[in-house]
2 protein chains.
Amino acid sequence: MTIEMNDNPADDEAAARLSALGHPTRLRVFRTLIAAGPDGMPAGELAARVGVAKNNLSSHLNVLRQGGLIVMRPSGRSRIYAVDLDTIAATIGYLVSDCCQGHPEVCEALSPGMERAC
Amino acid sequence: MTIEMNDNPADDEAAARLSALGHPTRLRVFRTLIAAGPDGMPAGELAARVGVAKNNLSSHLNVLRQGGLIVMRPSGRSRIYAVDLDTIAATIGYLVSDCCQGHPEVCEALSPGMERAC
DNA sequence: TCAATTGTTCAATGACCATTGAAATGAATG
DNA sequence: CATTCATTTCAATGGTCATTGAACAATTGA
């Protein structure tokens, strides 16, 4: 009879990040920033590209930032946002972790998707 | 002056999948199924392991299934759920796609997280 | 200093979501 | 055929989230 853990902090953290990405606007923001690379992009340009109101974008950026998925640095009167690569790597890792202890075929099946991307 | 696309079906689809994973209970369910491998696991055992009411689990399973992240097959009076590997691979791929056209350092930064998992 | 630019915060609204208990389905067993 | 078992569906509840307009900083340049 094993003890039941029905509350795991690591799950909550990873779920919060995935939930942050689980919104059309935020996903577009994130992918736009991924494509922009480490230099990032100011909020205004981001709003124009994604096609969303500035105040609305601002709250979405806060969600992504609180999840640790993006970082911000001020530059003049702009604020430049960029992806945090470590966080997204860790999140993906957590999502599929434990898939290879006993079931290596799972990770093999995942490879094509990754190769297509990178 | 480029045309603004502020509604992309691909984004909506991927966001729906990430949103499905962006809930602590559903994330635990998904990872439990990943660990279970292709054979999957009946709903009852899943409910016991994750520590959630059966009717509640049922609705969460529906969300994951509508996102295409898991599949179900009946077996006797049980219903056995298992992960759909193609979907999760495609979702991860979409998440980080376009990161290497001009910014290969992004994908290089992602690799360690994947290796840790697999 | 005045005004324009760049973003954020706030409050309010409506919409969506998770959870619960009770009832219902559907398959196996006696 | 009635019963048990495994799971789902339903309705109702409270809670959280996205969006909008208006007001508020903070920075730059005339």
Side-chain angles (χ1 to χ4, degrees), chain A residues 4 6-8 11-30 32-33 36 39-67 69-82, chain B residues 4 6-8 11-30 32-33 36 39-67 69-82:
Chain A
E4 274 306 338
N6 55 358
D7 221 40
N8 184 348
D11 276 318
D12 291 353
E13 223 179 290
R17 289 172 187 154
L18 290 166
S19 176
L21 293 169
H23 184 283
T25 299
R26 287 197 293 264
L27 182 55
R28 292 189 65 188
V29 167
F30 184 81
T32 303
L33 289 178
D39 291 345
M41 189 179 293
E45 187 179 343
L46 212 38
R49 285 214 197 181
V50 175
V52 69
K54 281 171 284 185
N55 52 358
N56 190 10
L57 176 69
S58 192
S59 73
H60 284 308
L61 287 173
N62 260 332
V63 174
L64 289 170
R65 203 154 58 86
Q66 289 202 331
L69 291 159
I70 63 176
V71 293
M72 186 271 279
R73 66 174 192 276
S75 169
R77 52 183 152 191
S78 294
R79 301 190 183 190
I80 299 184
Y81 290 87
Chain B
E4 276 305 337
N6 54 0
D7 221 39
N8 184 350
D11 276 316
D12 291 354
E13 223 178 290
R17 287 169 189 158
L18 290 167
S19 176
L21 293 170
H23 184 282
T25 299
R26 286 195 294 263
L27 182 55
R28 293 189 64 191
V29 167
F30 184 80
T32 302
L33 288 179
D39 290 343
M41 189 178 294
E45 187 179 343
L46 212 38
R49 286 215 197 180
V50 175
V52 69
K54 283 171 282 185
N55 52 356
N56 189 12
L57 175 70
S58 192
S59 73
H60 284 308
L61 286 172
N62 258 332
V63 174
L64 290 170
R65 202 154 60 89
Q66 288 201 332
L69 291 159
I70 62 175
V71 293
M72 185 272 280
R73 67 173 191 279
S75 169
R77 50 185 155 189
S78 294
R79 300 190 185 192
I80 298 183
Y81 289 88

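Side-chain atoms are counted along with the backbone in the values below, which use heavy atoms only and exclude waters and symmetry mates. Residue numbers start from 1 in every chain, and the chains themselves are labelled A, B, ... in the order their sequence lines are given, proteins ahead of strands.
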Could you go through the side-chain contact (heavy atoms from CB on, under 4.5 Å) check for B/Met72 and B/Arg65 one step at a time?
-> CA-CA 8 Å; B/Met72 185 272 280; B/Arg65 202 154 60 89; 4.0 Å; yes
Output for pair (B/His23 NE2, A/Asp12 CG), nearest 0.5 Å, gives 9.5 Å
Would you say C/dT19 has OP1 or OP2 under 4.0 Å from some side-chain N or O of B/His60? yes
Taken to the nearest whole Å, NZ/B/Lys54 to C1'/D/dT4 is 12 Å
Atom CG of A/Leu64 and atom C1' of D/dC17 are separated, to the nearest Å, by 14 Å
Pairwise side-chain contact, B/Leu21 with B/Leu64, heavy-atom cut-off 4.5 Å (strictly under) | yes
One pair to check against side-chain contact (heavy atoms from CB on, under 4.5 Å): A/Leu33 and A/Met41. What are the steps and the verdict? CA-CA 7 Å; A/Leu33 289 178; A/Met41 189 179 293; 4.0 Å; yes
Whole-Å distance, A/Asn56 CG to C/dG7 C1', equals 13 Å
Nearest heavy-atom contact between B/Pro24 and A/Ala15 is N-CB, 3.6 Å
Comparing A/Asn55 with B/Glu45, nearest DNA chain D nucleotide closer to 5' gives the residue B/Glu45
Taken to the nearest whole Å, CG/A/Leu27 to P/D/dA18 is 14 Å
Rounded to whole Å, CE of B/Met41 lies from C1' of D/dT7 at a distance of 16 Å
Between CG of A/Leu46 and P of C/dT6 the distance, given in whole Å, is 15 Å
The nucleotide from C/dG7, C/dT19, D/dA18 with an atom nearest the side chain of A/His23 is D/dA18
Margin query: For a quick test of reading the model: is some side-chain N or O of A/Asn62 closer than 4.0 Å to OP1 or OP2 of C/dT9?
Written below: yes
Residues in residues 69-79 of chain A with a heavy atom under 4.0 Å of DNA chain D, by number, are A/Gly76, A/Arg77
message = Side-chain N or O of B/Tyr81 versus OP1/OP2 of D/dA6: is the shortest distance under 4.0 Å?
response = no
Looking only at C/dG7, D/dT19, D/dT7, the nucleotide nearest the A/Ser59 side chain is D/dT19
note: B/Asp12, atom CG; C/dC16, atom C1'; distance rounded to Å ~ 15 Å
Sub-4.5 Å side-chain heavy-atom contact between A/Arg28 and A/Arg49: no
Between CG of A/Leu57 and C1' of C/dT9 the distance, given in whole Å, is 14 Å
Heavy-atom closest pair (B/Ser19 atom, A/Gly22 atom, distance to 0.1 Å) is CB-O, 3.3 Å
